[in-house]
Amino acid sequence: MLLLYGATIFLSATLLFLVQPMFARMVLPLLGGAPAVWNTAMVFYQAVLLAGYAYAHLTTARLGVRRQVALHLGVLLLPLLVLPIAVPRGWTPPSHDNPIPWLLALMLVAVGLPFFVISTSTPLLQKWLTVTGHRAAVDPYFLYAASNLGSMLALLSYPVLVEPYLRLPDQSRLWAAGYLLLVALAIGCAACVWRAPAAVPAPLATAPVGAAVADGNPSGSRPTAGRRLRWVLLAFVPSSLMLGVTTYLSTDIAAIPLLWVIPLAIYLLTFILVFARRPPIPHWLVVEALPIVMLPLVLVLASRATGPLALVLPVHPLALFVIGMVCHGELARDRPSTHHLTEFYLWMSVGGVLGGVFTALLAPVVFTTVLEYQLTLVLACLLVRRPEAPAAGGRAAVLDIGLPLALGVGAIALIGLVQAGDPERAQAHIGLVFGLLVLVAFAFARRPIRFGLAVGAILLAATFYRGEEGRLLYAERSFFGINRVTLDDSARYHLLMHGTTLHGMQSLDPARRLEPLAYFYATGPLGQVFRAFGGTPATQSVAVVGLGTGSIGCHGRAGESWTFYEIDPAVERIARDPRYFTFLRDCPPASRVVLGDARLSLAGAPAGQYGLIILDAYSSDAPPLHLITREALRLYLDKLAAGGILVFNISNRHMDFEPVLGNLARDAGLTALVQDEPLISEAEYERGKRPSEWVVMARRPSDFARLGGDARWRAARAVSGTVWTDNFTALLQTFRWPGRLARAN
């Protein structure tokens, strides 16, 4: 019986965490591959999970377990009406408005019903087991570990075993088959309930199971309001932190696709460990470790360190693991008797949903930075319970507030003092300043309130630090990320940053105001293309996917017609603001900006309209993969005039897209050339040039004749493997793994 119940819960969790990346993969092409798609999807899944847990709690409380079993077997059949899962026809995201409501509605229609039904499995099956008379019925919470194990294995297997080998329609059919197996296993679990004795002895149903008791109440009594609130907060923190780490890593460290897998896998792992029958890591140990892992994390956040990646990147997942172990460990230790099992899971789910809503929906509207991450870290410190902590009250309570306040004021003064001198010296000394501050905060570790407020004071003071990117002039956060305009330390350039990725820059020197810089420099690969084809029919009508600052337009000439396709309205607002950039206003060609996903927008352009199509969507480290598929290439060729040229910017720190484009060109019978310019001189860098890599494609080799046989351009390499399509990509194969040649962007 235990094997049957464990297998059913394991399979249900596996299906839940296979449908999440699978459907995200289906919908990403409609939203440009933005990392916020995943965070928004997570909020939806958490909300539906809450609805499933509420259903489990209310139906068992009102109907009793046996009648609830009969009801649920009927509910299990409902998802068969909507399988296999797919994006319904006719769903197009808005081009000007926030796409979050549209995405939530789409998910409700496409996957809401099957996800809801499966989400009820974990609490329901544990509740069913409590009336079977099995010896494990007194404490079935360990099955929650089996649930999270299935979730984690499904999550990790998708990019490795599922996506590289199965196309999306095949994945959907396989998932539907798995659901049918789940229905069969659930029927077997129901049979065990019906075969059990009609009544269970009272001591079995009310025995306390938690190792700790909150608010002085026995675990078998009805939970108090304070105890429920603590359950909510303990679930809120890891949920918010998991999404906050994902956003922070993708925005400020390295926007690597699939990076969200790491925080979510850690989040699930903590559940597995703390709800195991014999937790392998003592709870006291992670409580003691929390202040220790907070030291390097606060240091990294305050100093805005982004490298070396091998040192900076692990700090965030490690802190998430320890905080998750502390919070989820507190939940596991305070779990009530089986009589309140479904209510316990319901309040946990409430906390998870609130954490997701705060991080994915509320924070992007309220904050222009990833401030939600830092606020949740402070809350995590405040929630820690230390049995040996001195009693609160009196002078100690005053110091709990006064000492962190003094630390924050001192931190602001030190930061101002360091920044008042030479910028290069400030960069060297700021690490010492923040290192000293976190050591002072560590001295408060035995008092959670004092320690948490000290951490908050340091992070607040760190907002006065300009950082390596110079002085912040403007920031705007949208569904597609955080765009910042900065003035570099030399006060000669305005930079447009998306996380740590440069999207364009403009010189403040009036003589150089119309000079394309960064990846678009006149002596770089793109500049060579325009020297060869500028003023020819190829540049009379130009399409550019990706606006940035609009500096590419200054390669054009008067009388030409240029169209920029941009998915993020915030980028257009910044590019048109003359306080920061003037390329769109002052560059010679007539230009217009079309908002929305490039493929959807380009589909409406006349066939053969453009002599040159430039795809500048790959200078970010979170590329929209649907723009480099067989179907996308067919669309570009349909809009490309005879003798026209396709140009792809594939400059990227973490992925190598040359073989992907090489395979696409070979599949379509095109000629493709590539130029990689990884190294530039210090003088060029000072003048605003940045390393870049570009691919050009044409229908015939003769279309490249104007490049004059430039030896810097070579044939793009193609490799054995399947061509990328809308239903198939193998992203892991593009990663620049350690040992492979990598070039800084």
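Note that this is a predicted model, so its numbers are computed, not measured.
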Donor-acceptor side-chain pairing of Ser239 and Gln46 below 3.5 angstrom | yes
At their closest point, which heavy atom of Pro238 faces which heavy atom of Leu320, and how far apart are they?
-> O-CD1, 4.3 Å
Can Arg477 and Glu372 be counted as an ion pair, charged N to O under 4.0 angstrom?
-> yes
Atom pair CG/CD1 of Leu297 and Ile323 - distance to nearest 0.5 Å = 7.0 Å
Point-to-point distance, once rounded to the nearest 0.5 Å, from CE of Met107 to CZ of Phe115 | 8.0 Å
Flag for Glu476-Tyr474: side-chain donor and acceptor within less than 3.5 Å | yes
Minimum side-chain heavy-atom gap Phe451-Arg446 below 4.5 Å = no
Does a donor on one side chain and an acceptor on the other come within less than 3.5 Å for His328 and Tyr267?
-> no
Are side-chain N/O atoms of Trp284 and Glu288 paired as donor and acceptor at under 3.5 Å?
-> no
Compare all side-chain heavy atoms of Pro279 with those of Val274 and state whether any distance is below 4.5 angstrom.
-> no
Flag side-chain contact, heavy atom, 4.5 Å: Thr486 against Arg471 | no
Ion pair check, Arg230 and Asp334, cut-off under 4.0 Å | no
What class does the angle between the rings of Phe344 and Trp231 fall in, given that below 30° is parallel, 30 to 60° is tilted and above 60° is perpendicular?
-> perpendicular
